[in-house]
Amino acid sequence: MRCSLTKVLVGSLLLLTVYLLGRSDLLLTSVATGNVNFPKGMDGQPGESASELTWPLAKSEGASASWVDGGNYLPLNVSYLLLAGVPAIKQRFLTIGLASVKRKKGSYLLPTLASLFSQSSSTERASMVVVVLLAEFDPVWRGATLDEIRAAHPSELDKGQLLVIHVPPQFYPPLTALKRNYNDAPERVSFRSKQNVDYSFLMHYSSSQATYYLQLEDDVISAHSFLSTIHKSIQERQAVHWALLEFSSLGYIGKLYKAADLPLLARFLFLFYQEMPCDWLLTHFRELLVQKEPILIKPSLFQHIGAFSSFKGNANPLKDMSFEKDVYSNPVADVYSDISVYKDHVPRLAWEAGEGYFWGRTPEPGSYLTVVLRAPAVVTSVRVVTGLEGKDVLLFAVVELGQNVETTVRGEKSCKDFRPLGNMNNGIFEKKALEMEFGSSSSCLRLRVTGKHKDWIAIMKIRVTVQTDLHTSLVYGS
């Protein structure tokens, strides 16, 4: 049965490819294979001032590994106007792709870009490139939006960390009188079909920029150090076959691909652009690449902020409930506490990523929660949040770092020597740049109760960052 299904899928693809190759209005014999081409008669519209040069892009390992581009199979006829930015010669670690169009209500592109860069360190920004496809055919809107991007991000444009491109309408397939597979209104079918083509062109361009590709929408905010979390997630799955890692449960937000798969995915979206929405197509593509189940990584790294859809300005209040703006990837550790636990709200839930938390009965002075790292590390920041809907707040406690792991009389692991970082302040503790004060490696983090409490306590999350060799690994794309 599986073999028969595979034959049907492959056969359908081949037939559709032959059909499309025979349609000169859809696929022509010329091909854009990683170059940004500027044909005669395709100058930028007023306000865009597109470059007149042809920028040769260095092929990434992912793009060169693709048999599709390598043999010029399934040529995808498209040329790009480079509106702003300087393409990098050297391959980056991550490309982030966004497609943006004019909305009837509101605009979220600039807040999205601001979040991506502000939530990233200088090392992370140097390891990524954000590619924005202005997919709107209205030249006035494009010109105004381009001016806003230039004013807000001159440094990122100069450093090749931000590129703005456009594909003229003559390279798009028919966008009207399309198939209505799900009885959608014709204008809805046209909208989602064009969106598929937008993403196809965006991915085709981005395949030569970096080792990995992250798809976002133009109305999101990002978690702090999202790139480092993505890097860590990839490293943890080196022995696992995957085609798609999902860092958000919503739509086409936070979907990570290998650059090697982008040439295929770009053509897949183009070939079936009018069949179904892009997020449905990505599920089929993942399964075709033999990843049966989705890999959803929590907490989410991206949150949808658009109140209104880009389609007709309809209300769109979708939110990802597992998003944490200040999410950190805590190192592997064991968690111990002598505070009585309520039901299944065990201490480790405060340390682990996700929506869980530690909920304990009223602590006594001297009670503790101790985190013991599996491997000593230089701690750079600590953040502790307590309290549940304004109640069960940990009011009186000191936060400490410890060294020299030992086994206690209770049979638990702890540290022999502790140094105080500071006290809880109204149920919250946060301290950064700890490496400047505590430069040596630590093995423990302890919350020690220092005063009497009348109520239970809820420790919602403990977030820690540690020094890594991330600078080296990101710069060289590993």
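Taking CZ from Arg192 and CD from Gln274, the interatomic distance works out to 9.0 Å, rounded to the nearest 0.5 Å. Taken to the nearest 0.5 Å, the OH atom of Tyr213 stands 9.0 Å off from the OH atom of Tyr257. The line from CD of Glu217 to CG of Leu98 is 9.5 Å long, rounded to the nearest 0.5 Å. For the atom pair OG (Ser222) and CG (Leu116), the distance works out to 4.0 Å, reported to the nearest 0.5 Å. The CD1 atom of Ile230 sits 6.5 Å away from atom CD1 of Ile96, with the distance rounded to the nearest 0.5 Å. Taken from NE2 in His224 to OG in Ser120, the straight-line distance is 8.5 Å, to the nearest 0.5 Å.
Under the rule for a ring pair (Phe, Tyr, Trp, His ring centres under 6.0 Å), the partners of Phe226 that lie at least two apart in sequence or sit in another chain are Phe302. The side-chain hydrogen bond (donor to acceptor under 3.5 Å, both in side chains) check on Asp279 picks up nothing, with sequence neighbours excluded. Scanning for side chain to side chain contact (heavy atoms under 4.5 Å, CB included) contacts around Gln291 gives Trp242, Ala243, Leu244, Arg286, Ile295, with sequence neighbours left out. Listed by chain and number, the residues in a side chain to side chain contact (heavy atoms under 4.5 Å, CB included) with Pro186 are Arg180 (sequence neighbours excluded). Looking at residues two or more places apart in sequence or on another chain, you find a ring pair (Phe, Tyr, Trp, His ring centres under 6.0 Å) between Tyr199 and Tyr252. Qualifying ring pair (Phe, Tyr, Trp, His ring centres under 6.0 Å) partners for His284, counting only residues two or more places apart in sequence or in other chains: none. Listed by chain and residue number, Val341, Arg348, Leu349 satisfy the side chain to side chain contact (heavy atoms under 4.5 Å, CB included) test with Val346 (two or more places apart in sequence, or in another chain). Residues passing the side-chain hydrogen bond (donor to acceptor under 3.5 Å, both in side chains) test with Glu136, sequence neighbours excluded: none. By the side chain to side chain contact (heavy atoms under 4.5 Å, CB included) test, Thr380 is found to be paired with Glu435, Thr465, Gln467, residues two or more places apart in sequence or in another chain being considered. Phe137 is linked by a ring pair (Phe, Tyr, Trp, His ring centres under 6.0 Å) to Tyr172, counting only residues two or more places apart in sequence or in another chain.
Sorted by first and then second residue, the salt bridge (charged side-chain N to carboxylate O under 4.0 Å, His left out) pairs involving residues 162-179 (not counting sequence neighbours) are Lys179-Glu275. Legend: salt bridge (charged side-chain N to carboxylate O under 4.0 Å, His left out) pairs involving residues 107-120, not counting sequence neighbours: none detected.
Side-chain contact check for Ile149 versus Leu109: some heavy-atom pair is nearer than 4.5 Å. In this structure, the side chains of Leu82 and Tyr205 come closer than 4.5 Å at one or more pairs of heavy atoms. Using a 4.5 Å heavy-atom cutoff, the side chains of Leu163 and Val132 are not in contact. Counting heavy atoms from C-beta on, the side chains of His204 and Ser200 never come closer than 4.5 Å. Counting heavy atoms from C-beta outward, Thr386 and Tyr357 have side chains that stay 4.5 Å or more apart. Side-chain contact between Phe117 and Ser155: absent, with no pair of heavy atoms (C-beta onward) separated by less than 4.5 Å. The shortest distance between side-chain heavy atoms of Val130 and Gln161 does not fall below 4.5 Å.
Contact check on Asp198 versus Lys194 returns a salt bridge, with a Lys/Arg side-chain nitrogen under 4.0 Å from an Asp/Glu carboxylate oxygen.
Separation of the Phe93 and His231 ring centroids falls under the 6.0 Å cut-off.
Thr211 and Gln91 form a side-chain donor-acceptor contact under 3.5 Å, judged by distance and modelled atom types alone.
For Thr112 (side chain) and Asp218 (main-chain N/O), a donor-acceptor pair under 3.5 Å exists by modelled atom type. Counting only distance, with no hydrogens or angles, the side chain of Asn330 and the backbone of Ile462 share a donor-acceptor pair below 3.5 Å. Side-chain N or O atoms of His241 include one that pairs as donor or acceptor with a backbone N or O of Leu289 at under 3.5 Å.
Of the candidates Gln209, Met128, Met203, Gln209 is the only one forming a side-chain contact (heavy atoms from CB on, under 4.5 Å) with Thr95.
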